[in-house]
Visitor: 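This is the structure, below, for whatever I ask next.
As a basis for the values below, the full set of heavy atoms in this structure was taken, side chains included, without hydrogen atoms, waters or symmetry mates.
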Amino acid sequence: MRIALAQIITGRDLDRNLDLVREYAARAKAGGADLVVFPEATMRAFGNSLVDIAEPLDGPWASAVRAIAAEQDLVVVAGMFTPGAAKDGSPRVRNTLLATGPGVSASYDKIHLFDAFGFAESDTVEAGTEPVTFDVGGVTVGLATCYDVRFPDLFTELADRGAVVTLVSASWGSGPGKAEQWTLLARARAADSTSFVVACGQADPASAGLEVRGSAPTGVGHSLVASPFGEAIAELGAEPDLLFVDLDPAEVDAARKSLPVLANRHRF
């Protein structure tokens, strides 16, 4: 299974962001990918209003992504925003991953909301409640979003549901040590679940000379792929790029036989 990680920088304009999906999906297909994963907030970058652009999964932006996946004949996973329930009278969205392509129609609403480092995602986002998996060519794939990577139980639950690969889409917050935390956590969740973790984040806007204002998490780059033993197989830098990786599900089977942490663990 060949997966492409599209480490992009999105902005406010939905059509421009959609053009990035179109461009990188075509490049992923040309490189032989079966699946291309885009970051969280591909639809619109954090730091911009979200309620006014949230749409259902059959809305125009999601439909355009679906058409791109169909045209390229590959699975596309991309972060968008769907309508959520209001909180204290204020409208909210759901932070949603859309997964679409040949034989695939799935979506995941981010469960763990980023209320940390001075940013309160729960003020504007309604949390999801259910883990999600889907199949690509007989391979079960799990979904997670950004802050989810700090919570091992989600990844072991996805593994229990058959996932041998978990995709993490992110728009990671910058700051001292944050990039190191991102890569450490992705590797740790791979080791926890003896699964491949494919972690795709927004590139660092500063790497493209873009000014970042406010405390919204807008990306640090360093998308990476971790093995079932927590080794970094491949990693990008801070700038926009496209990374290809070939994954063999047999490596997960072998890891789980030699290091059966899922079978050995206790639930307290």
Side-chain angles (χ1 to χ4, degrees), residues 3 5 37 39-41 77 79 82 84-85 92 94-99 106-117 119-123 125-136 139-173 177-201 217 222-233 247 249 251-268:
I3 296 179
L5 292 76
V37 56
E40 176 187 27
V77 176
T82 55
R92 292 188 298 172
R94 284 182 173 242
N95 189 339
T96 301
L97 287 181
L98 170 68
S107 64
Y108 165 70
D109 294 328
K110 183 179 181 182
I111 293 174
H112 301 98
L113 300 184
F114 184 65
D115 288 358
F117 294 103
F119 187 80
E121 188 175 17
S122 62
D123 286 346
V125 178
E126 179 190 11
T129 58
E130 284 297 319
V132 172
T133 65
F134 62 92
D135 287 347
V136 180
V139 177
T140 302
V141 179
L143 292 173
T145 303
C146 204
Y147 195 46
D148 282 334
V149 79
R150 291 187 180 272
F151 300 90
D153 285 354
L154 175 59
F155 290 76
T156 53
E157 176 63 26
L158 290 168
D160 286 343
R161 297 185 183 202
V164 297
V165 180
T166 293
L167 310 177
V168 183
S169 293
S171 185
W172 199 252
K178 290 298 297 296
E180 290 80 4
Q181 291 176 32
W182 160 248
T183 56
L184 171 66
L185 289 163
R187 293 173 58 197
R189 297 299 81 82
D192 290 336
S193 59
T194 47
S195 306
F196 289 109
V197 166
V198 175
C200 181
H222 293 279
S223 298
L224 74 152
V225 181
S227 80
F229 291 110
E231 302 161 324
I233 299 170
L247 304 181
E251 293 185 30
V252 173
D253 293 336
R256 290 177 180 175
K257 288 177 182 177
S258 62
L259 185 62
V261 292
L262 293 173
N264 292 344
R265 76 189 190 275
H266 287 270
R267 293 176 174 86
F268 298 99

Visitor: Going through the checks in order, is the side-chain contact (heavy atoms from CB on, under 4.5 Å) test met by V141 and T133?
Guide: CA-CA 5 Å; V141 179; T133 65; over 6 Å; no
Visitor: Distance-only, no hydrogens or angles: does the T183 side chain make a donor-acceptor pair with backbone N or O of E180 under 3.5 Å?
Guide: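 Checking the backbone N and O of E180 against the side chain of T183, a donor-acceptor pair under 3.5 Å is found.
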Visitor: Rounded to the nearest 0.5 Å, what separates atom CG in D115 from atom OG in S122?
Guide: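 One gets 3.5 Å once the value is rounded to the nearest 0.5 Å.
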Visitor: Keeping R92 on the side-chain end and G84 on the backbone end, is there a donor-acceptor pair under 3.5 Å?
Guide: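 Judged by distance alone, no pair lies under 3.5 Å.
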Visitor: Compare every heavy atom of V252 with every heavy atom of P228, then report the nearest pair and how far apart it is.
Guide: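 Taking every non-hydrogen atom into account, CG-CG2, 3.8 Å.
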Visitor: Between the side chain of E126 and the main-chain N/O of A85, is any donor-acceptor distance below 3.5 Å?
Guide: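 Yes.
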Visitor: State, yes or no, whether a side-chain contact exists between P131 and F155 at a heavy-atom distance under 4.5 Å.
Guide: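 Not in contact.
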Visitor: Checking N95 against Y108: is there a side-chain donor and acceptor pair closer than 3.5 Å?
Guide: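 No, N95 and Y108 have no side-chain donor paired with an acceptor closer than 3.5 Å.
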Visitor: Would you please test R187 and V225 for side-chain contact (heavy atoms from CB on, under 4.5 Å) and show each step?
Guide: CA-CA 8 Å; R187 293 173 58 197; V225 181; over 6 Å; no
Visitor: Is a side-chain donor or acceptor of D148 paired with a backbone partner of H112 at a separation under 3.5 angstrom?
Guide: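 Yes, the answer is positive, given that a donor and an acceptor are paired below the 3.5 Å cut-off.
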Visitor: Can you tell me how far apart CD (E40) and SG (C146) are? Round to the nearest 0.5 Å.
Guide: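 The distance works out to 4.5 Å.
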Visitor: Examine distances only and state if a side-chain atom of R256 and a backbone atom of T194 form a donor-acceptor pair shorter than 3.5 Å.
Guide: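 At least one qualifying donor-acceptor pair exists.
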Visitor: At their closest point, which heavy atom of H222 faces which heavy atom of A179, and how far apart are they?
Guide: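 Result for this residue pair: CD2-CB, 4.1 Å.
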Visitor: Using modelled atom types and a 3.5 Å cut-off, is there a donor and acceptor pairing between side-chain atoms of S195 and backbone atoms of T166?
Guide: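 No, because the side chain of S195 does not come within donor-acceptor range (under 3.5 Å) of the backbone of T166.
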Visitor: If you measure from CG on D153 to CG on D192, what distance do you get to the nearest 0.5 Å?
Guide: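 Rounded to the nearest 0.5 Å, the CG-CG separation comes out at 9.0 Å.
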Visitor: If you measure from the Lys or Arg side-chain nitrogens to the Asp or Glu carboxylate oxygens, is any gap between D160 and R265 under 4.0 Å?
Guide: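 Answer for the salt bridge query: yes.
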Visitor: Evaluate the criterion side-chain contact (heavy atoms from CB on, under 4.5 Å) for residue pair L247 and V198; output intermediate values, then yes/no.
Guide: CA-CA 10 Å; L247 304 181; V198 175; 3.9 Å; yes
Visitor: Nearest heavy-atom pair of A191 and V261: which atoms, and what distance?
Guide: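 Answer, listing the atom of A191 first, then V261: O-CG2, 4.1 Å.
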Visitor: Could you check whether the rings of W182 and W172 sit parallel, tilted or perpendicular, using 30° and 60° as the cut-offs?
Guide: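 Plane angle between 30° and 60°, so tilted.
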Visitor: Begin with the C-alpha distance, continue with both residues' side-chain angles, and end with the deciding distance and a verdict on side-chain contact (heavy atoms from CB on, under 4.5 Å) for V77 and L143.
Guide: CA-CA 9 Å; V77 176; L143 292 173; 4.0 Å; yes
Visitor: Looking only at non-hydrogen atoms, find the nearest pair between A190 and S227 and report the distance.
Guide: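 Closest approach of A190 to S227: CB-O, 3.2 Å.
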Visitor: Compare all side-chain heavy atoms of C200 with those of P39 and state whether any distance is below 4.5 angstrom.
Guide: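 Yes, close enough: below the 4.5 Å cut-off.
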Visitor: Do you know which two heavy atoms are closest between A186 and A226, and how far apart they sit?
Guide: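 That would be O-CB, 4.1 Å.
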Visitor: Would you kindly say whether T156 and R189 are connected by a side-chain donor-acceptor distance under 3.5 Å?
Guide: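 T156 vs R189: no donor-acceptor pair found between side chains.
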Visitor: Which pair of non-hydrogen atoms, one from S223 and one from L5, has the smallest distance, and what is that distance?
Guide: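 In terms of heavy atoms, the two residues are closest at CB-CD2, 4.0 Å.
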Visitor: Measure centre to centre between the rings of F151 and Y147, then say whether the value is under 6.0 Å.
Guide: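 Ring centroids of F151 and Y147 are less than 6.0 Å from each other.
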Visitor: Under a 3.5 Å cutoff, is there a donor and acceptor pairing between the side chains of T82 and T96?
Guide: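 A donor-acceptor contact under 3.5 Å links the two side chains.
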Visitor: Strictly distance-based, threshold 3.5 Å: is any side-chain N or O of S193 a donor or acceptor partner for the main-chain N or O of A159?
Guide: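 Answer holds: no.
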Visitor: Out of I3, V197, T145, L97, which one pairs with L167 under the side-chain contact (heavy atoms from CB on, under 4.5 Å) rule?
Guide: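 Exactly one pass, corresponding to I3.
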Visitor: Atom OG1 in T140, atom CG in D135: separation rounded to 0.5 Å?
Guide: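 The OG1 atom of T140 sits 4.0 Å away from the CG atom of D135.
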